[in-house]
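First the structure, in the form of C-alpha cells, and then the observations on it.
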Amino acid sequence: MEVISRFFCFLALGAFLILSSCAQKKDIVYYQNIDQFSREGSSVTFEPKLQPDDLLMIVVSAENPEVAAPFNLYAVTIQSSTESAASQPRLQTYLIDSNGEIAFPVIGSIKLGGLTRSEAMAKLKGLLSAYIKNPTVNMRILNYKVTVQGEVNRPGTYPVQSERITLPEALSLAGDLTVYGKRSNILIIRETEGKVTTTRIDLTKPEFFNSQYYYLKQNDVVYVEPNKTKVNSSVIGPNITVAISAISLLITIVALTTR
C-alpha cells in the first residue's frame, strides 16, 4: 500500500505540472515601462496610400453644378418595393486596377496608386482645373478594412470608416486578445505593390509605437499566435481520456502485484 501511496503522490505531482501553468506579468501586460518611453514623430501625419483594388468614391463639385455634372458618374438602382422608389440615382465607385489607375469621365485613365488621398485629390483638382473653375474634389476609400485572426475574442474582418486605425484599435474591435494569445509575437501580413511582407510586433513593449506597423493599412491581416498553454491544452484535450484509462490500468496492475 505504501508503494501505491507513493505512486499516487508522483501521479498527482505530474498531473499538476502538466496541466497547470503560471502566467507571468511580463507575458500578459501591454506597453510595459511606457512611462520611460519616448514617442517619435506625430500620429497626425499618417495617411494611407492608395493601392490596387481600393474602391473609391469621388465627388466633383463646382459653383455651377451643371459644369461638374459630366465628371460625376451615376448609376440607377431598381427597387421593386414601391413604384415611386423604382429609380434612384446613386454615385458610382471607382476601382483602382492592377496598374494603379482609374477610368475617370472625360479625362480618361488617371494613375492614383501610390498616392495618399490628399495627393490624389490634389492631382484630380489640377486636371479638372482645365475644365472647371475652382473645382472641389472629395474622395473616400469605401472598402478600407482590416482582418484580425487567431487568439482574439471576435476574429473577423472589420471595415474602417475613418481610413486610419492603429493596431491596438484593431485588436479592440476584435474583443482584445484571449488569455491564450501570445502578446509578444503578433504577426502582421501586408501587401504593398503586389508584394506580401510580414512582421512581428511585441505588444508588451512600447517600442512598436514608433514602428511603421503601429498604423494598419487597408487589407492588413493581423494574426495572434496561441501561447504554449493553448498549444499544450490542444494536445492534452483529445488524449486525456486515453491517459486516464492507461493510468487506471497501471494502478490496477500495481495494486495486484503488491498484494
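The shown structure was predicted, so the numbers you read here are calculated from the model rather than taken from an experiment.
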ILVMFWY network linking V179 to V152, side-chain heavy atoms under 4.5 angstrom: no
Inter- and intrachain pairs under ring-ring contact (aromatic ring centres under 6.0 Å, His included), touching residues 179-198, at least two apart: none
Side chain proximity check, L177 to Y30, heavy atoms < 4.5 angstrom: yes
Side-chain heavy atoms of T197 within contact of R190, under 4.5 Å: yes
Short question: side chain of [X], backbone of [Y] - any donor-acceptor pair under 3.5 Å?
X    : Y    : answer
D54  : G113 : no
T199 : I188 : no
N72  : V59  : no
R164 : Y215 : no
R183 : I28  : yes
N210 : E207 : no

Side-chain cluster (under 4.5 Å, hydrophobic types only) that V196 belongs to, other residues: L187, I189, V221, Y223
From I58 atom CD1 to R117 atom CZ, the distance as rounded to the nearest 0.5 Å: 11.0 Å
Spacing of CG belonging to L203 relative to CD1 belonging to I186, to within rounding of 0.5 Å: 4.5 Å
Sequence-distant partners of K228, side-chain contact (heavy atoms from CB on, under 4.5 Å), two or more places apart: N232
Heavy-atom count check: over 12 atoms from other residues, nucleotides or ligands less than 6.0 Å from [X] [atom1]?
X    : atom1 : answer
K111 : NZ    : yes
Q36  : CD    : yes
K49  : NZ    : no

Which heavy atom of [X] sits nearest to which heavy atom of [Y], and what is that distance?
X    : Y    : answer
P206 : Q32  : CD-O, 3.1 Å
A120 : L50  : CB-CD1, 3.7 Å
R200 : N185 : CD-OD1, 3.0 Å

Validation row, ring centre F37 to ring centre Y31 under 6.0 Å: no
Less than 3.5 Å apart, which donor and acceptor atoms pair up between the side chains of residues 138-150 and the rest of the protein, not counting sequence neighbours?
unit_1	atom_1	unit_2	atom_2	d
R140	NH2	Q161	O	2.8
N143	OD1	L55	N	2.8
N143	ND2	D53	O	2.9
Y144	OH	L216	O	2.8
K145	NZ	N219	OD1	2.8
T147	OG1	T157	OG1	3.0

With F104 via ring pair (Phe, Tyr, Trp, His ring centres under 6.0 Å) - residues at least two apart: Y94
Residues that E63 engages under salt bridge (Lys or Arg N to Asp or Glu O under 4.0 Å), provided they are two or more places apart: none
